[in-house]
Amino acid sequence: MSSNRITVKNMTDKEYFLGHKACAGCGGSLAVRLALKVFGDRTFAALPAGCMSAVGFIYPQMAFLNNAIISTFPGTGSMLSGMRAGLDALGVKDAHVVGFAGDGGTADIGLQALSGAIDRREKIIYICYDNEAYMNTGVQKSGLTPYGARTTTSPAGNNLPGSVMQKKNLFEIVAAHDIAYAATASVGYPQDYLNKLSKAAAVEGTSYIHIYATCPTGWGTPTETSVSLAKEAVDSGLWYLAEYEDGAFTLNRKPKEFFPVKEHLLKQGRFKHLKDSDIKVIEEARDKKWKRMLEKWN
Amino acid sequence: MSDQILMKGNEAVGEAAIIAGCRHYFAYPITPQNEIPAYMAKRLPEVGGTFLQAESELAAINMVFGASAAGARAMTSSSSPGISLKQEGISYIAGAELPCVIVDMMRGGPGLGNIAGSQSDYFQATRGGGNGDYRVLVIAPASVQELADMTVKAFDLADHYSIPVMILGDGFLGQMSEPFTLPEPSGKTFDKPWALTGAKGRKPNIIASMRLTPEDLLEKHNLELQKTYQEIEANEVMYESYLLDDAEYVIVAYGTSARISRSAIGELRKEGIKVGLFRPLTLWPYPYKELKAVSDRAKKVLTVEMSLGQMVEDVRLAVQNDSKVDFYGRTGGMLPVSEEIIRKVRSYGG
């Protein structure tokens with residue numbers, strides 16, 4: 001890394017996402033705040049319905065100090081294309097066009113628009129803050145809700161373990177477009193995220209960062225554990241730090257030994273009900289994924 | 001009333017759908033109706049039904065389209081901007097002459113708006129929000145009891161006429177907890193010989209929504225649809241009259257705004273002002289004739305809505321005397337309060 005890289009020590013003191021109404025310990029708001037510190041005030045942001053628009057656009061106490069607009073729920077990718085076209089028409093060349101959308105807004109209803117935007121090779125940055133359910137509407141399952149998580153629409157009981165689906169493999173779906181730059185990140189590894197934000201800002205073409213973002217309200221976790229839990233998710237292998245560029249995948253972090261999955265999951269209200277047999281399903285899915293990643297990725 | 005239970009309006013809709021025999025419900029999150037999917041996610045598996053959370057409103061309504069084509073009683077629910085997304089599917093379902101129930105717990109708009117209750121979906125509910133000459137039977141309950149009762153009835157109406165039926169509530173009704181009595185199943189059954197049930201021992205069924213050939217002209221199909229709509233207009237109008245026998249002033253309101261109007265009427269009556277309520281329960285078919293008869297005896301007809309004037313267009317069509325029709329509305333998730341309605345009626349110099 002070059003000496004002028006952005007770190008938590010040298011990053012700007014200026015805030016661009018300030019005074020928002022997010023819950024204490026919100027990972028999504030941390031992802032937005034750090035991203036805007038890297039991108040700066042020449043950032044034109046679009047956010048669909050979701051937590052960050054709900055907590056950021058409460059008129060007259062607007063939390064964005066850069067330009068920002070709420071897109072339709074399915075339309076974030078399309079709106080980003082339109083914004084870039086508009087800036088091009090005005091001759092504005094020094095601005096970032098950035099989307100911030102949650103897991104539902106990205107992996108479910110917004111996937112078609114995102115795919116179109118990537119396919120057009122737009123010069124835009126798309127950041128998915130993944131808190132693993134529709135949190136703004138009161139915790140409903142999304143395509144990125146992991147197996148075993150209890151939500152209001154994936155109830156847990158004697159007959160059901162919570163969500164019976166594994167997380168949709170969105171990072172690789174995005175990469176399959178042969179996107180210019182894609183990465184996964186976690187609010188538990190801020191320096192890794194900052195590096196990836198800098199890369200996304202510099203790349204020609206479309207970039208996508210998928211950041212794992214803790215949600216104490218939806219996950220049933222203490223607010224002060226948001227960063228440590230997001231770190232633990234990576235250390236336990238349930239999330240991973242990776243990049244896709246120039247047609248190749250790279251794993252940025254390869255834990256020698258995984259943090260115990262059971263210990264990690266049982267700290268969270270949404271997983272409290274899991275039986276050992278459910279944990280085994282989760283571990284097996286993790287191992288299968290890691291085997292493939294370690295074999296095929298750099 | 002020992003058999004009364006307490007539930008939110010949204011939950012009551014869910015339980016009533018199950019009582020009506022609905023075993024297929026397709027959801028997508030949006031406030032203020034999220035208690036319906038949460039309730040159905042727990043309850044439907046208990047009764048052997050299918051709860052499915054779709055990836056979007058478009059997906060959910062198209063799942064309803066598919067389930068209905070297979071002959072199942074199917075339902076989806078949403079709120080205003082989500083209903084806008086479903087409109088294409090609703091138009092297709094209407095064109096294919098398939099039954100289904102759609103619940104709309106309206107919220108403030110336009111666009112993302114807010115999550116407070118509102119009544120500004122009247123146009124997109126009653127005017128056919130999608131393309132084509134079609135109608136959706138729209139029922140507007142005003143209490144948790146009525147939400148439950150009308151949900152059961154909605155499934156029968158949908159099956160009887162083979163059309164989409166919409167329960168048009170709002171965020172206040174959906175979120176409101178009231179004691180109510182669980183409705184009884186109607187016991188009615190409907191043959192669905194057109195259903196795509198697998199062509200064992202019979203010719204394949206084909207459900208068409210495209211008519212390009214001369215012998216199956218689209219105009220002819222539309223005329224057939226209109227016959228059904230005329231039958232519904234003749235037979236299914238529902239409304240409630242309250243203190244109208246001697247009324248010089250008529251308030252017309254539905255759903256939540258009718259509840260507020262009713263309490264305003266109570267106060268105005270104490271002052272000796274002869275005012276009553278005309279509450280349409282079906283918004284399409286609209287009780288034009290019945291309202292006309294009431295308005296002919298009245299000096300003034302005041303429409304009260306949680307919008308800036310949508311149903312008032314139907315009131316004008318009914319009354320056929322624009323100078324008699326007045327309007328009062330609050331919008332964007334604001335409720336008209338009783339005092340505002342009282343002031344308005346007093347201003348007529350009763």
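Chain letters run A, B, ... following the sequence lines, proteins first, then strands; residues in each count from 1. Just so it is clear, the model here is predicted, and its values are computed rather than measured.
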Novice: More than 12 heavy atoms of other residues, nucleotides or ligands under 6.0 Å from CD of Q145(B): is that the case?
Specialist: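 Yes, because the 6.0 Å sphere around CD of Q145(B) holds more than 12 heavy atoms from other groups.
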Novice: Answer yes or no: does atom OH of Y92(B) have more than 12 heavy-atom neighbours from other residues, nucleotides or ligands under 6.0 Å?
Specialist: no
Novice: Would the number of heavy atoms belonging to other residues, nucleotides or ligands and lying under 6.0 Å from CE of M334(B) be above 12?
Specialist: no
Novice: Does a sphere of radius 6.0 Å around NZ in K21(A) hold more than 12 heavy atoms from other residues, nucleotides or ligands, not counting ones at 6.0 Å or beyond?
Specialist: yes
Novice: If you take all heavy atoms of P155(A) and A41(B), which pair is closest and at what distance?
Specialist: CG-O, 3.7 Å
Novice: I need the contact set between residues 156-174 of chain A and chain B: heavy-atom distance under 4.5 Å, sorted by residue number.
Specialist: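 Listed by number, there are no contacting residues, so the answer is none.
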Novice: Measuring from atom CD1 of I36(B) to atom OG1 of T153(A), what distance do you get when rounded to the nearest 0.5 angstrom?
Specialist: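 Rounded to the nearest 0.5 Å, the CD1-OG1 separation comes to 13.5 Å.
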Novice: Out of curiosity, N34(B) CG to N136(A) CG, how far, rounded to the nearest 0.5 Å?
Specialist: 9.5 Å
Novice: Around K272(A), counting heavy atoms of other residues, nucleotides and ligands shown, do more than 12 lie under 6.0 Å from its NZ?
Specialist: yes
Novice: Take a 6.0 Å sphere around CG of N67(A) and say whether it holds more than 12 heavy atoms from other residues, nucleotides or ligands.
Specialist: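 Counting other residues, nucleotides and ligands, CG of N67(A) exceeds 12 neighbours.
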Novice: Tell me, out of L111(A), T151(A), T152(A), T137(A), who's got the most heavy-atom pairs with chain B below 4.5 Å.
Specialist: T137(A)
Novice: Could you check which of E57(B), Q53(B), E35(B) has the highest count of heavy-atom pairs closer than 4.5 Å to chain A?
Specialist: Q53(B)
Novice: Between F51(B) and chain A, which part of the residue has a heavy atom less than 4.5 Å away: side chain, backbone, both or neither?
Specialist: side chain
Novice: Would you call L85(B) and I109(A) a side-chain contact if the rule is heavy atoms closer than 4.5 Å?
Specialist: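 The answer is yes; the side chains approach within 4.5 Å.
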Novice: Please work out whether the ring planes of Y28(B) and F73(A) are parallel, tilted or perpendicular, with thresholds of 30° and 60°.
Specialist: tilted
Novice: Is it the backbone or the side chain of I30(B) that comes under 4.5 Å from a heavy atom of chain A, or both, or neither?
Specialist: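 For I30(B), backbone heavy atoms alone lie under 4.5 Å from chain A.
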Novice: For I282(A), does the CD1 atom have more than 12 heavy-atom neighbours from other residues, nucleotides or ligands under 6.0 Å away?
Specialist: yes
